[in-house]
Amino acid sequence: MTIGIDHHGPVSLRVRGLSVRTRGDSPALLLDDVDLDLAPGQRVGIVGHSGAGKSMFLRALTGFCPDSLDVQGSVQLIDGSGEIQELLTADTKQRRRLATGAMAISWQNALQSLNPYQTISRQLGATLRLHRQLTADEVRSASLQWLASVGLSDGAGLLGSYPHQLSGGMRQRVAIAMTMCGGQPIVVADEPTTALDMVSQAECIDLYDRLCAAGARSLLYVSHDLALVGRLCTSVMVIQDARVVESGSIDQVRTRESSNPGASTRFSGILLAS
Amino acid sequence: MRIRLMVAAGILGVMILAFSLPHGDPSAVDLTAVLQPPSQAHPLGTDDLGRDVWALMAVGFWRTLTVVVTASLTSVLIGVPLGLIAGYSRGAVNAIIMTATDLTMIIPTFVAALLVTAVVGLTPFSAGLVLGLFGAGTYVNQTRALTLSIRSYDYVRAEVLLATPTVQILLRHVLPGVAGPLMRYFGSSASGTILAYAGLAFIGLGVDTTVPDWGTMLYRHRSQIDHPLLLLWPTLGIFLLAIVFHILADPALRKEGQ
């Protein structure tokens, strides 16, 4: 079955009852029954303290969980015509098609998400070729364009570099270019600016903002920095102790907090303050 | 550090060039010229049978080099692929490979080499093959440990999700990460092989005097302490070749030298 997801049309994401447990005789619950709806163009920030389950949620969602964990629930991609594709039960080929057609992912540590033994040119080129048939010249030209669009003006010099030869900020920009260059309608980012200084952080956030707006993409952005989430996202979901304790638009959360301060969670309280 | 590398490469280059030069027959006995000091006719002198020590050293060098190359290739070609498969596949395949590896590792390499060469004779190929086979276990263990670590990186997991064929993932994304750290071990194992082969020859397994080894030379001349040069040349050869491989294969040194 071919659905519009392959053509980078508008795609919604619907998550129901997503749970993650360790396998074995006494399984530990790492993520408990999480629901999420992400409409085309919507931006949702996922916040929570370290170890709350934010990254686990993204890994379960995208299929990046290690084999030692048991993922249950439903992750559905819904294209413009209303056709639904289940991601968790998809076979390998379907998953490849869905992953390249619908969702792009950027992880926390660019040094671990970029192959340290391949040049930027090779890695960016391979990502571009996943989506389109391109000649070598076209790949080079598109690579330079994308590097320029993330503020790396010396693209020609960077293409021959290895990840360890770049600064943290430059690596993260390259990772953003690789995330965005496929044109997938959903972008998933797991604390992509954590290891950066304040200036680089602000610049990377601007890039996400600009590139997502330009492609009308929806964004799932994990962070423990509530100010960043407030700046980039329209909705927020607070995860605490592996469960969702608060969700809604940022304004709704603020209103709920103001009207019922006794029910405030630690994070929504901080969000209100920020 | 660059100087150490250049010196090591220089020593190996000089040894290869020097021992490639034409030399006399190492088995030619001349009882009228025994225990001669170095001279123009015999650059390293003669032994107690009047044989040219330079010719003996040259033959020993190439035999030792054959052992190192055979043992290293055997260990790497068996150990690295098995380690990659065990680390990447885990499960039953991993259990089978690691059990077989443990079985080979509980037998000391030197003892295994001793038994096999005692039966089939000490040739550079037989010694290299046995030393390589029984040394492959360490390559399996090290490659497996590195593979387990690298396969958890996001760039490898992404390839799995993209349904990239496993062989391609292993060769393009895992092997380059394994190769660097393994090089360090490669140097010390090559040095160990040189010493093990010299040991096998020294304890008398290479007793064919027409095809001398450095270890055999040490064994033969061990009592001729009043002619120390006869002991010095093979000792120096073993020491230099072992240290040269150790330095050349050390990735830390190569990196600092860049």
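In this text, all values refer to a predicted model and were calculated from it rather than measured experimentally. Letters A, B, ... mirror the listed sequences (proteins, then strands); counts begin at 1.
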- Give, as side chain, backbone, both or neither, the part of Ile105(A) having an atom under 4.5 angstrom from any heavy atom of chain B.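 Neither part.
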- Item | Contact class of Gln123(A) relative to chain B, heavy atoms under 4.5 angstrom |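 Neither part.
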- Task: Check each atom of Arg172(B) against the heavy atoms of chain A and say whether the ones under 4.5 Å are side chain, backbone, both or neither.
- Result: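 For Arg172(B), heavy atoms of backbone and side chain both lie under 4.5 Å from chain A.
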- Keeping the roles fixed (side chain from Arg157(B), backbone from Gly63(A)), state whether a donor-acceptor pair exists under 3.5 Å.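 No; zero donor-acceptor contacts below 3.5 Å.
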Atom pairs and distances, side-chain donor-acceptor, residues 133-143 of chain B, under 3.5 Å, sequence neighbours left out:
| unit_1 | atom_1 | unit_2 | atom_2 | d |
| --- | --- | --- | --- | --- |
| Tyr139(B) | OH | Ser189(B) | OG | 2.9 |
| Thr143(B) | OG1 | Tyr139(B) | O | 2.6 |

- Message: Would you compute the distance between atom OG1 of Thr164(B) and atom CG of Leu130(A) and round it to the nearest 0.5 angstrom?
- Response: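 So the gap between those two atoms works out to 7.5 Å.
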- Task: Drop me the distance from Tyr153(B)'s OH to Leu114(A)'s CG, to the nearest 0.5 angstrom.
- Result: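 Result: 13.0 Å between the selected atoms.
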Please table the atom pairs, donor to acceptor, closer than 3.5 Å between any side-chain atom in residues 96-105 of chain B and protein atoms at least two apart or in another chain.
| unit_1 | atom_1 | unit_2 | atom_2 | d |
| --- | --- | --- | --- | --- |
| Thr99(B) | OG1 | Ala95(B) | O | 2.6 |
| Thr101(B) | OG1 | Ile97(B) | O | 2.7 |
| Thr104(B) | OG1 | Thr101(B) | O | 2.8 |

- Task: For residues Gln112(A) and Val156(B), determine if any side-chain heavy atom of one lies less than 4.5 Å from a side-chain heavy atom of the other.
- Result: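 Heavy-atom side-chain distance check fails, nothing below 4.5 Å.
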- Message: Looking at every non-hydrogen atom in both residues, tell me the closest pair between Phe64(A) and Asp154(B) and how far apart they are.
- Response: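 Smallest interatomic distance, heavy atoms only, reads CE2-O, 3.8 Å.
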- Message: I need the minimum non-hydrogen distance between Thr62(A) and Leu161(B), along with the two atoms involved.
- Response: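 Closest pair (atom of Thr62(A), atom of Leu161(B), distance): O-CD1, 3.2 Å.
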Only distances under 3.5 Å count here; give the side-chain donor-acceptor pairs of residues 10-20 of chain B to other protein atoms, sequence neighbours excluded, each with its distance to 0.1 Å.
| unit_1 | atom_1 | unit_2 | atom_2 | d |
| --- | --- | --- | --- | --- |
| Ser20(B) | OG | Ile16(B) | O | 2.5 |

- Message: Applying a heavy-atom distance below 4.5 Å, give me the residues of residues 70-79 of chain B that approach chain A, sorted by number.
- Response: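 Against chain A, none of the residues of residues 70-79 of chain B fall inside the cut-off of heavy atoms under 4.5 Å.
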- Query: Does CZ belonging to Phe125(B) count more than 12 external heavy atoms closer than 6.0 Å?
  - Reply: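 Counting neighbours around CZ of Phe125(B), 12 or fewer heavy atoms of other residues, nucleotides or ligands fall under 6.0 Å, so no.
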